Every structure is written in C-alpha cells, then in structure tokens.
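Inspection log for the structure reproduced underneath, given as structure tokens.
Heavy-atom basis, side chains included; hydrogens, waters and symmetry copies ignored. Atoms within each ligand, like the ligands themselves, are counted from 1 in listed order. Along the sequence shown, the residues carry numbers beginning at 1. None of these values were measured; they are calculated from a predicted model.
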Amino acid sequence: MDKINFFPDNLDVQNKTIILRLDLNVPLKDKVIKDYTRIDLCLPFIKRLIEKKAKIIIISHLGRPKKNKDPALSLMPIYKYIKKILQTNIYFFMGNFDDKVKDKFSHLKEGEVILIENIRYFKEETDDDENFSQKLGSLGDIYINDAFSCSHRKQASIHKITRYINKSYAGPLLKKEIDAINLVIEKKREPVTCIIGGSKISTKINVITSLLEKINNLIIVGAMANNFLVYKNFKVGKSIVENNTKEIVEKIYKKAAENNCEIMIPRDCKVGTKFDGEGKIKNFDKIHDNEIILDIGTNTISKIKEKIDQSNTVLWNGPAGYFENENFSHGTMSIAESISRNTFEGSLISVLGGGDTIAAINKSKTRLSFSHLSTAGGAFLEYLEGKDLPGLSVLK
Ligand code: ADP
Ligand code: 3PG
Ligand code: MG
C-alpha cells in the first residue's frame with residue numbers, strides 16, 4: 001500500500017501560504033463551546049506553523065447546516081476562542097469564493113492566521129465541487145489535512161482540493177491518530193468487543209457489516225439501537241429512527257451469524273417525553289406514543305459491563321444516550337467507567353472515538369484511562385473497517 005505523505009517538520013514554510021484543514025466541529029449549545037478537546041489538540045501545530053512564519057489559512061466545517069448559512073453553526077465562537085490563545089493577528093473570513101477571492105487573502109503576513117467561516121455554508125463543499133476545490137486550492141502553496149475525523153468525507157476541502165495545489169500532506173495530529181489505531185489493530189487480543197452508539201445512524205450502520213468479520217461481540221446502544229428495536233417490531237414512540245434500515249439490519253444479523261459474532265441490543269431503556277426533562281426506566285413493550293428513548297436501562301448496563309469484563313479489546317464510538325442531559329447520561333458514563341477500570345486494572349486494550357463520545361467522557365467527575373482516545377467517530381469506524389478513506393488516499 002502506498003504511504004501517506006506526512007508533513008516534514010523540517011520543511012521551510014516561511015512566507016508560504018498553508019491551507020490547513022482542521023476538524024473544529026465541536027459540540028455547541030447556544031453558541032457556547034461545550035467541549036474544547038478537538039480545538040485544543042489542533043493548537044500545538046498551529047503554533048508551530050506560526051513560529052515557522054508560515055501564512056496560515058484554516059478551513060473547518062461545523063455540524064451539517066441545512067438552511068443557508070444557519071447562524072447557529074457559525075465558527076465565530078471557535079474563532080473567538082483561538083484568537084484569545086494564539087498570539088498573532090488572526091482574521092475571520094466570512095466572504096464568498098468568487099473570482100476575486102485570492103485578493104481577499106493577499107493581506108495575510110508571515111505568522112498570521114485566517115479562519116474561514118464554516119466551509120459547509122457552501123453547498124459546493126459537500127458536493128466535492130471541482131470549481132470550488134480549485135478556488136480553495138488557489139489560495140495556498142501547501143495543503144495540510146490534520147482532520148482525521150473527517151477524512152472519510154469526499155468533500156472539497158478534504159478531497160478534490162488536493163488536485164489544485166502543489167503539495168499535500170497529512171498533519172501531525174492525523175499521524176498520531178492513525179499510528180495509535182494501527183497499533184491497536186496490530187495488537188488487539190480476542191475477544192474483541194465493539195460498542196456503537198450515537199445518532200449518526202446513516203453513517204455508521206453501513207460500517208457494521210464489514211466490522212463483523214473482525215470482532216467477536218457487537219453492542220448497539222444510543223439512537224442507533226432504535227433501528228434494531230424497530231426491526232424486532234417494538235414500538236419506539238417518538239425516538240430517533242432512520243427510515244428504511246430493515247434490510248441492512250437483517251443483513252447485519254445474517255452476517256453476524258455467519259461470522260460467529262454475537263450482537264447485543266438493549267433490553268431496557270430510560271424514556272422521557274422531552275429531551276430536557278426527566279426519565280424513567282422501562283421495558284420495550286411499555287413505550288407510549290409520546291415517549292422518547294433517551295438512554296439505556298439498568299439491566300442493559302449490567303449486561304454491557306459483564307461483556308466488557310470478559311473482553312480483551314474494546315472499541316467504542318457513540319454515546320449510549322442523550323448524555324447532554326444528566327438524567328440520560330448514566331448509560332454512557334457507566335460504559336466509560338467500566339472500560340476505564342478494566343484498562344487501568346487489567347489488561348484491556350481500549351480505543352474510544354468521536355467528538356460527542358469524548359465530550360461525554362470529559363463530563364465525568366472521575367479520572368478515566370483508555371489506551372487511546374481518538375477525535376474521530378465515523379472516520380474511526382471506517383478506518384477500522386479497513387477502508388481506504390477518500391481524504392487519506394489523496395495524500396498518498
Ligand atoms: P460521536 O460524535 O461520538 O461520533 P454521534 O455524533 O453519532 O457520536 O452521536 C452523538 C449524539 O447522539 C449526542 O448528541 C447524543 O446526545 C445523541 N444520542 C445518543 N443516544 C441518543 C438517543 N437515544 N436519543 C437521542 N439522541 C441520542
Ligand atoms: C464528526 O464529528 O464525526 C466529524 O466532524 C465529521 O462530521 P460529519 O459526520 O458531519 O461529516
Ligand atoms: Mg458527533
């Protein structure tokens with residue numbers, strides 16, 4: 001396999017314009033940053049490039065804007081945060097990518113930074129548009145992708161941009177992430193248990209079939225589990241479900257049986273009538289039409305803990321419930337504590353990933369330890385699958 005081109009730390013980049021793709025997609029509530037991990041992990045490299053007197057243009061997305069330029073998904077709060085930390089001139093670009101776009105960046109001096117507003121405000125980004133990629137590429141001399149967590153996306157600032165710029169590299173954070181995951185893949189010991197949760201059902205459900213060949217147990221939690229419950233003909237009230245997944249769930253069960261992989265889905269849950277309310281534990285045959293499944297139940301937690309205790313490797317992405325409300329965070333916290341205890345006291349190899357999974361873990365009052373914490377959720381799972389991610393293959 002071809003090797004990824006990593007950014008050589010000794011490369012002279014003085015006065016060179018670097019387009020740096022980062023994943024600054026952090027959880028926000030009412031424009032307040034709820035978890036800084038993804039930003040903080042990017043800072044040392046930005047500082048290094050400033051020291052090296054490069055001119056730095058940062059690109060990132062935030063969420064998945066549906067309406068045109070949804071203000072709730074502006075990168076402004078992130079801009080304000082990094083502006084406080086980086087001791088240089090840092091500008092925020094809110095303009096359009098028209099034919100004169102290059103002139104708008106020409107004021108940038110050595111050691112200065114421009115952060116471009118949410119790149120997904122432009123539909124061309126998610127379309128991996130040729131013209132848009134060319135405009136982005138024209139802004140710099142060197143492209144660096146330091147966003148492993150969105151390297152599974154075939155989008156302009158991750159993928160086609162590399163066709164329109166002289167040199168493309170992977171950054172040091174991306175390198176650290178894939179080195180750590182490669183090490184785990186190499187060292188993993190059976191039984192291997194994979195826990196998948198969260199709410200990005202369409203991204204993750206398709207990954208499962210190929211993962212089944214590589215693991216011994218699959219535990220489904222979070223909103224992801226709702227689709228499995230619907231498949232089993234349970235009524236899930238107003239819970240989040242993705243349409244038309246019966247076929248894929250059926251395929252997952254079939255392939256699991258062929259590969260001797262055990263699938264565990266929740267046995268009970270905690271429901272509420274609203275996201276910011278209180279919850280009660282219920283069995284799945286008792287869910288009312290106005291209720292939402294927002295966490296796994298106590299019975300399920302015990303079964304998951306047992307499985308973790310029996311495992312030698314655990315891979316986890318996606319919270320087990322709507323952890324943002326403490327009333328529904330118990331499942332996620334219990335899983336985190338159980339993995340941490342087994343990692344610390346025993347010999348469990350544990351890798352956790354995902355922007356929200358990390359945010360959930362950071363809310364814990366106790367110190368938790370894991371073999372590796374990845375910023376990536378969907379990308380982490382696709383990488384584990386053994387897929388050549390579009391954003392990485394263009395760096396080879
Ligand atoms: P990650 O960022 O770790 O990859 P996702 O983005 O897929 O994870 O999903 C995280 C989101 O899923 C969180 O906002 C969490 O509240 C939500 N979530 C998890 N379980 C449920 C549930 N049962 N109902 C609603 N939302 C849920
Ligand atoms: C993530 O949070 O997993 C990454 O930022 C990618 O986001 P996406 O699933 O919206 O592409
Ligand atoms: Mg997320």
Query raised in the report: Number of protein N/O/S atoms less than 2.8 Å from the Mg ion (ligand 3)?
Result: 1
Requested in this report: Return a yes/no value for Thr357: is any of its N or O atoms, backbone included, closer than 3.5 angstrom to an N or O of ligand 1?
Outcome: yes
Query raised in the report: Measuring from the heavy atoms of Phe380, does anything fall under 4.0 Å of ligand 1?
Result: no
Report summary line: Applied to residues 224-235, the side-chain hydrogen bond (donor to acceptor under 3.5 Å, both in side chains) test, sequence neighbours excluded, yields Asn227-Thr245
**Report entry** Contacting atoms of ligand 1, where contact means under 4.0 angstrom from a heavy atom of Lys204
**Finding:** 1 (P), 4 (O), 5 (P), 7 (O), 8 (O)
Query raised in the report: Taking heavy atoms and a distance under 4.0 Å, where does Asp356 meet ligand 1: side chain, backbone, both or neither?
Result: both
Report summary line: Sorted by chain and residue number, the residues having a heavy atom closer than 4.0 Å to an atom of ligand 2 are Asp23, Asn25, Arg38, His61, Arg64, Arg120, Ser149, Arg153, Lys200
**Report entry** Test side-chain contact (heavy atoms from CB on, under 4.5 Å) applied to Lys66 and Asp70, step by step
**Finding:** CA-CA 7 Å; Lys66 288 196 183 77; Asp70 177 358; over 6 Å; no
Query raised in the report: Does Ile293 approach ligand 1 within less than 4.0 angstrom via side chain, backbone, both or neither, non-hydrogen atoms only?
Result: backbone
Query raised in the report: At the 4.0 Å heavy-atom cut-off, does Met224 count as touching ligand 1?
Result: no
Requested in this report: Say whether, by atom type as modelled, one donor and one acceptor occur between the side chain of Lys53 and the main chain of Lys16 under 3.5 angstrom.
Outcome: no
Query raised in the report: For Asn226 and ligand 1, does the shortest N/O to N/O distance drop below 3.5 Å?
Result: no
Requested in this report: Check ring pair (Phe, Tyr, Trp, His ring centres under 6.0 Å) between Phe275 and all other residues, then give those that pass, not counting sequence neighbours.
Outcome: Tyr322
